[in-house]
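Report on the structure given below.
No hydrogens, no waters, no symmetry mates; every other heavy atom, side chains included, goes into these values. Ligands are counted one by one from 1 in listed order, and the atoms in each one are counted from 1 as well. Numbers here simply count residues along the sequence, with the first being 1.
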Amino acid sequence: MKRIDIRDVDHLPGRRIRPSDRFRFRCHPGVKCFNRCCRNLNLFLYPYDVVRLKNRLGLSSDAFLDRHVDVVLREGAHFPEVLLRMADNRERTCPFLTDEGCSVYPDRPDTCRGFPVERGLAYDAAQRRNRLVYFFRPPDFCLGQHEDTEWDLAGWEKDQEAGDYHRMTVRWAEIRQLLEENPWGAEGPEGRRAKMTFMAAYNVDRFRQFVFESSFLKRYAVKKKIRQQIRRSDTELLKFGFEWIRLFLWGLPASCIRPR
Ligand code: SF4
Ligand code: SF4
């Protein structure tokens with residue numbers, strides 16, 4: 001999810017959509033462009049995408065990250081981006097694409113779910129708060145935009161079962177905004193705290209080991225009910241990890257964890 005300055009919103013490409021607006025779109029196996037959008041992509045994966053995909057594929061977080069992602073730290077950035085690694089073929093197809101369509105469809109990433117609607121988190125300095133902004137941005141080759149089915153944003157999110165994804169991605173986007181202020185100091189984005197932050201966000205299996213098999217629970221008080229939830233649920237562990245990152249890096253108070 002892109003970070004945007006609210007003053008730039010009206011100058012960005014694509015048609016801005018507000019909650020009361022409607023757009024036309026329908027994708028189905030009968031369109032001539034079927035599957036064309038699942039190739040040659042820079043497909044960013046957010047932490048909840050990784051949880052859903054690694055569980056879908058029956059892989060540990062380590063194995064998923066090894067096999068399926070490229071972790072890219074761009075020059076001047078303070079935290080890496082995680083991209084799905086495309087297949088090593090001429091068309092750079094998505095590794096989950098088959099002739100019948102997406103083989104991980106119920107657990108496809110947030111970006112695929114929203115497509116062709118893109119979201120951004122726009123910071124409104126005057127009001128000191130973030131606002132979600134939406135754009136309708138189908139590429140020219142996408143014929144779904146010429147179909148007749150009409151949607152509003154709420155209906156589209158429901159149809160794509162994107163609510164959980166969107167909520168988790170917004171939580172993460174807020175942390176990413178804070179990370180852009182460079183919390184690492186001299187240690188830099190390859191230091192120990194950055195690695196631990198990456199683990200909590202993208203490698204939940206290792207983070208669980210860290211919570212339960214290190215001195216973590218001696219250093220932080222975590223209620224028994226929360227401990228039980230994060231032991232069995234990757235999603236709860238990820239939410240807990242987000243809260244821990246905020247506490248660990250910026251001392252922000254969290255309801256589920258406090259320093260002892
Ligand atoms: S390009 Fe558009 S219409 Fe074609 S398969 Fe992709 S989303 Fe569907
Ligand atoms: S995950 Fe599925 S929907 Fe997304 S690009 Fe790959 S094949 Fe297409």
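With ring centers used as reference points, Phe25 lies 6.0 Å or more from Trp151. For Phe34 and His28, the ring centers sit 6.0 Å or farther from each other.
At a threshold of 4.0 Å, the pair Glu81-Arg74 counts as salt-bridged, since one of the basic side-chain nitrogens sits closer than that to a carboxylate oxygen.
Of the N and O atoms on the side chains of Asp110 and Thr169, at least one donor lies less than 3.5 Å from an acceptor on the other residue. Using modelled atom types, one finds no donor on one side chain facing an acceptor on the other under 3.5 Å when comparing Glu180 with His78. Gln160 and Arg108 share a donor-acceptor pair across their side chains, judged by distance under 3.5 Å alone. Side chain to side chain, Asn55 and Asp107 fail the donor-acceptor criterion of an N or O pair below 3.5 Å. Glu91 and Asn40 share no donor-acceptor pair across their side chains, judged by distance under 3.5 Å alone.
Among protein atoms, those of element N, O or S found less than 2.8 Å away from atom 4 (Fe) of ligand 1 are Cys33 SG. Ordered by chain and number, Cys112 SG make up the set of protein N, O or S atoms under 2.8 Å of atom 4 (Fe) of ligand 2.
Between the CZ atom in Arg227 and the SG atom in Cys256 there is a gap of 12.5 Å [rounded to 0.5 Å].
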